[in-house]
Amino acid sequence: MKKVRVRFAPSPTGGLHLGGVRTVLYNYLFAKHHGGDFIVRIEDTDQSRYVEGAEEYIFNCLKWAGLEPDESPLHGGSYGPYRQSERKEIYRQYAEQLVKDGHAYYAFDTTEELEKMRHDFKTEQNPSPQYDRSLRMKMRNSLSLSPAEVKDLLTKDTRHVIRIKMPDQETVSFTDMIRGEISFDTLLVDDKVLLKADGMPTYHLAVVVDDHLMQITHAFRGEEWLPSAPVHVLLWKYLFGLKSMPQWAHLPLILGPNGKLSKRDGAKYGFPVFAMNWTDPKTNDLTEGFKEKGFLPEAFINLLALLGWNDGTEQEIFSKKELIEKFSIERVHSGGAKFDYEKAKWFNHEWIKQSGVASLESGVKTLLTEKGFPVADDAMLDKVIELVKDRCTLLPDFVQHSSFFFKTPEEYDLAAVKPKWNEEKKNFFLAYSEKLRSTAEWNAIALENSFKELATEKNIKPGELQLPFRIMLVGGKFGPPVFNIAELLGADETIIRIEKALLSF
RNA sequence: GGCCCGUUCGUCUAAGGGCUAGGACACCACCCUUUCACGGUGGUGAUACGGGUUCGAAUCCCGUACGGGCUACCA
């Protein structure tokens with residue numbers, strides 16, 4: 001079987017959104033499923049949109065999500081360079097070749113001339129006129145000008161681009177791995193620019209040349225590329241032959257609450273849209289990331305994989321290993337998927353519940369420390385995590401549910417105790433703390449039993465005493481069962497907390 | 001406007017001619033729990049519309065509607 005080789009090609013223009021990560025993920029899963037290579041190249045041919053730091057950011061996201069490429073500008077490989085800006089000279093040769101073969105031509109039109117054309121030929125029937133078969137002879141290019149004029153312009157180094165010459169009437173079709181056969185009529189496709197005036201290729205030329213040179217066998221990209229697919233198919237036909245063209249799959253879009261998912265949706269609806277926090281260096285705008293919001297990378301790729309794909313069973317929780325085993329591009333749904341943050345959180349919750357203490361430890365420790373609850377005892381932390389993880393949906397929930405294990409409460413939710421507080425209850429706790437001093441068996445069950453015994457002795461319903469006890473130990477109405485808390489806190493600390501709280505009640 | 005893609009519960013989806021259209025999230029109710037959760041049980045809820053083809057259509061075909069994408073010397 002032919003070795004599979006797929007690639008992801010981000011442009012360093014900002015953050016890495018959900019759709020982007022899902023594209024990487026499907027690339028990655030497909031490659032690994034077939035035992036092939038996953039490479040990452042950088043599409044940085046548009047200098048004006050290049051954002052400092054974006055490239056590094058992208059690789060950090062991939063690293064966090066566990067989707068590191070086999071080859072990339074960072075990792076190296078046999079088909080580099082992997083930055084398109086470093087391949088500039090390669091593209092020119094192929095563009096010139098196309099001109100020589102009559103499949104492309106030089107165009108000398110200035111920006112103003114193009115604007116004028118779009119304005120002059122604009123009608124109600126045709127709001128956006130294209131540089132195509134019907135108009136190209138009215139423009140200034142090597143098809144409309146005489147050979148002498150063209151030669152003259154070229155020797156004078158006149159700014160020009162190279163455009164593909166769309167054939168007159170031809171049906172271009174290809175088979176999409178997700179959607180089946182798709183065909184286009186070349187009459188309706190315009191003469192796309194292949195090589196820009198600054199010598200950089202456009203996406204159309206670069207993707208074809210790079211995919212060929214890097215021996216890409218399967219190509220996955222967003223649905224928004226479907227309309228330009230005929231250009232790519234034609235370029236493959238002219239340059240390298242259709243036999244070696246990769247198989248295409250156009251992935252459905254990820255939608256927000258109102259149409260296409262945008263960066264703004266995150267801020268507007270309160271959920272992250274990027275893999276990791278991204279601050280735009282130009283505007284200083286921060287877009288929240290899943291990582292910082294408290295998602296586990298395992299949950300993140302799980303929820304993304306299931307947004308548009310399933311294995312045909314009712315299983316929803318998949319490890320990366322399982323995803324690699326079971327992924328198939330044919331089972332990717334063809335319709336766009338609306339992102340549901342509630343469901344995303346559910347995935348994370350499931351992953352936290354099934355994660356081992358060891359894998360959560362360092363993240364929780366960092367979080368607690370940051371929030372002002374230094375962890376002195378790692379063994380204690382482990383027990384705490386085991387006790388509270390079932391009630392945590394996002395990583396920061398651990399702070400709410402466990403910070404009191406590491407710091408005696410300073411304030412109490414008095415509103416919850418005061419109304420029903422009385423001398424009898426105070427006496428109970430005085431007696432209970434005294435009893436605790438001599439308790440030999442220190443565990444939740446024993447503590448609960450002696451608590452209830454004493455309550456019965458004093459003629460108070462144990463239930464009425466549990467809430468005050470909780471407030472004493474944790475400060476508020478939250479956390480795991482009280483006696484488990486007391487068990488972990490230990491005798492000394494429990495007694496200290498009871499006595500301290502009694503002063504405020 | 002033109003071209004392309006899409007359309008099953010509110011959301012993600014299963015069912016690729018054949019039993020009451022299944023599951024998950026969310027929501028509601030009950031149970032568990034004298035904190036908050038987890039968990040358990042049950043419930044509400046969908047094949048966009050109109051024509052065909054067929055003994056039989058969510059499924060195949062055509063049309064309509066709606067949604068999305070593209071229509072740059074951006075990717």
Side-chain angles (χ1 to χ4, degrees), chain A residues 9-13 43-46 48-49 84 107 109-111 114-115 118 122-132 159-163 176 178-179 182-185 187-190 192-204 206-207 221-230 250 252-253 255 257 259-260 303 306-317 333-347 349-350 353 388-393 397 400-401 413 416 461-471 474 476-482 485:
Chain A
S11 52
T13 54
E43 295 183 345
D44 60 345
T45 55
D46 184 5
S48 66
R49 299 208 319 160
Q84 289 180 336
D109 318 276
T110 61
T111 309
L114 288 172
E115 269 166 25
R118 291 195 181 103
K122 186 173 176 173
T123 62
E124 226 166 87
Q125 293 301 305
N126 185 10
S128 41
Q130 305 195 103
Y131 200 119
D132 62 9
R159 276 178 79 81
H160 65 277
V161 301
I162 291 178
R163 285 178 182 272
D176 185 278
I178 297 172
R179 290 154 212 279
I182 299 173
S183 49
F184 300 84
D185 189 337
L187 277 173
L188 300 159
V189 183
D190 63 332
K192 292 262 183 264
V193 170
L194 301 178
L195 198 73
K196 301 188 259 186
D198 63 1
M200 285 287 198
T202 59
Y203 174 83
H204 309 296
V207 75
R221 53 170 27 165
E223 192 178 27
E224 70 270 24
W225 288 107
L226 219 30
S228 48
H250 290 86
L253 263 16
L255 309 169
K260 191 180 158 193
L303 71 92
L306 271 283
L307 203 55
W309 173 87
N310 70 84
D311 73 339
T313 72
E314 282 171 3
Q315 182 177 351
E316 295 199 89
I317 302 299
H333 199 249
S334 51
K338 197 176 284 185
F339 175 67
D340 180 1
Y341 190 45
E342 293 306 318
K343 182 101 188 214
K345 285 194 289 192
W346 174 80
F347 274 104
H349 191 186
E350 292 298 310
K353 282 195 290 179
V388 305
K389 67 181 178 129
D390 281 5
R391 56 192 72 212
C392 296
T393 299
D397 294 343
Q400 160 79 319
H401 290 294
D413 182 355
K461 277 193 238 163
E464 288 192 18
L465 294 161
Q466 278 195 31
L467 185 62
F469 190 29
R470 166 177 300 281
I471 308 283
V474 321
K477 295 196 285 182
F478 49 83
V482 248
I485 298 174

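These numbers come from a predicted model, not from an experiment. We name chains A, B, ... by the order of the sequence lines, and we start the count at 1 in each one.
- B:C31 adopts an anti glycosidic conformation, its chi angle falling more than 90° from 0.
- One atom, CG of A:Asp190, and another, P of B:A72, lie 7 Å apart when rounded to the nearest Å.
- Heavy-atom distances to RNA chain B give each of A:Leu114 and A:Glu224 a nearest nucleotide, and the one nearer the 5′ end belongs to A:Glu224.
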Any chance you could list the contact pattern along nucleotides 33-38 of chain B? Use B for base contacts, S for sugar-phosphate-only contacts and - for none, protein heavy atoms under 4.0 Å, 5' to 3'. -BBBBS
Does the side chain to side chain contact (heavy atoms under 4.5 Å, CB included) test come out yes or no for A:Lys343 and A:Leu303, once each step is laid out? CA-CA 8 Å; A:Lys343 182 101 188 214; A:Leu303 71 92; over 6 Å; no
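- Pairing for B:A14 is absent, judged as Watson-Crick or G-U wobble with the two contacts each under 3.5 Å.
- The partner of B:G6 is B:C66, judged by Watson-Crick or G-U wobble contacts that both fall below 3.5 Å.
- Using Watson-Crick or G-U wobble geometry with both donor-acceptor distances under 3.5 Å, B:C60 finds its partner in B:G52.
- Rounded to whole Å, atom C1' of B:G69 lies 17 Å from atom CG of A:Leu188.
- Taking atom CH2 on A:Trp225 and atom P on B:G69, their separation rounds to 15 Å, with Å as the unit.
- When the side-chain nitrogen and oxygen atoms of A:Thr45 are compared with OP1 and OP2 of B:A75, one or more of them lie within a distance under 4.0 Å.
- Taking atom C1' in both B:U44 and B:G68, the straight-line distance is 30 Å, to the nearest Å.
- For the pair A:Lys353 and A:Glu350, the salt-bridge criterion is met [side-chain N within less than 4.0 Å of a carboxylate O].
- Contact of the A:Leu306 side chain with the A:Phe347 side chain is registered, since non-hydrogen atoms from C-beta on lie closer than 4.5 Å.
- Looking only at distances, no side-chain donor or acceptor of A:Thr45 sits under 3.5 Å from a matching main-chain atom of A:Gln84.
- For the pair A:Asp311 CG and B:A15 C1', the interatomic distance rounds to 14 Å; values are reported in whole Å.
- For B:C73, the OP1/OP2 oxygens have a side-chain nitrogen or oxygen of A:Arg163 closer than 4.0 Å.
- Computed from coordinates, the A:Ile317 CD1 to B:G23 C1' distance equals 13 Å when rounded to whole Å.
- Formation of a donor-acceptor pair under 3.5 Å by the A:Asp176 side chain with backbone atoms of A:His250 is found in this model.
- Atom C1' of B:C4 sits at a distance of 48 Å from the matching atom of B:C38, rounded to the whole Å.
- A distance of about 12 Å separates the C1' atoms of B:C61 and B:U54, rounded to the whole Å.
- Among the protein residues, A:Val161 comes within range of the nucleic acid bases, having at least one heavy atom under 4.0 Å from a base atom.
- In this structure, A:Arg49 contributes its side chain and A:Asp44 its backbone to no donor-acceptor pair below 3.5 Å.
- Salt bridge annotation for A:Glu223-A:Arg179: present, with a cationic side-chain nitrogen under 4.0 angstrom from a carboxylate oxygen.
- Among the heavy atoms of the strands lying under 4.0 Å from A:Phe184 are primed sugar atoms or P, OP1, OP2 only; no base atom is included.
- No side-chain heavy atom of A:Pro481 sits under 4.5 Å from any side-chain heavy atom of A:Gln466.
- A salt bridge does not link A:Lys338 with A:Asp340: none of the charged nitrogens is closer than 4.0 Å to a carboxylate oxygen.
- Partner assigned to B:A75 is none, using Watson-Crick or G-U wobble distances below 3.5 angstrom.
- At a threshold of 4.0 angstrom between heavy atoms, the contacts of A:Asp44 with the nucleic acid are absent.
- Here the separation of B:G52 from B:U11, taken at their P atoms, is 30 Å to the nearest Å.
- At distances below 3.5 Å, at least one donor-acceptor pair connects side-chain atoms of A:Arg391 with backbone N or O atoms of A:Gly479.
- Nearer the 5' end of RNA chain B, as judged by each residue's closest nucleotide, is the contact made by A:Lys192, out of A:Arg49 and A:Lys192.
- Residues A:Pro252 and A:His333 fail the side-chain proximity criterion, which asks for heavy atoms closer than 4.5 Å.
- For the pair A:Gln315 (side chain) and A:Ile317 (backbone), a donor-acceptor distance under 3.5 Å is present.
- The interatomic distance linking A:Gln84 (CD) with B:C74 (P) rounds to 13 Å, in whole Å.
- Comparing B:C19 with B:C27, their C1' atoms are spaced 31 Å from each other, to the whole Å.
- In this structure B:A29 sits in a base pair with B:U41, meeting the Watson-Crick or G-U test at under 3.5 Å.
- Here B:G1 is the nucleotide among B:C73, B:G1, B:G69 with the atom lying nearest to any side-chain atom of A:Gln125.
- Spacing between B:A26 and B:C73 at atom P, rounded to whole Å, works out to 47 Å.
- Across B:U13 and B:U7, the matching C1' atoms stand 14 Å from one another, rounded to whole Å.
- Taking atom P in both B:U41 and B:G23, the straight-line distance is 12 Å, to the nearest Å.
- When both distances must be under 3.5 Å, the Watson-Crick or G-U wobble mate of B:C19 does not exist.
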Each nucleotide of nucleotides 5-14 of chain B classed B (base within 4.0 Å of a protein heavy atom), S (only sugar-phosphate) or -, in 5' to 3' order, makes SSS---SSSS
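- Among the atoms of the strands shown, none is found under 4.0 Å from any heavy atom of A:Arg221.
- Distance CD (A:Gln130) to P (B:C4): 13 Å, rounded to an integer number of Å.
- A straight line from CG of A:Leu303 to P of B:A24 spans 18 Å, rounded to a whole angstrom.
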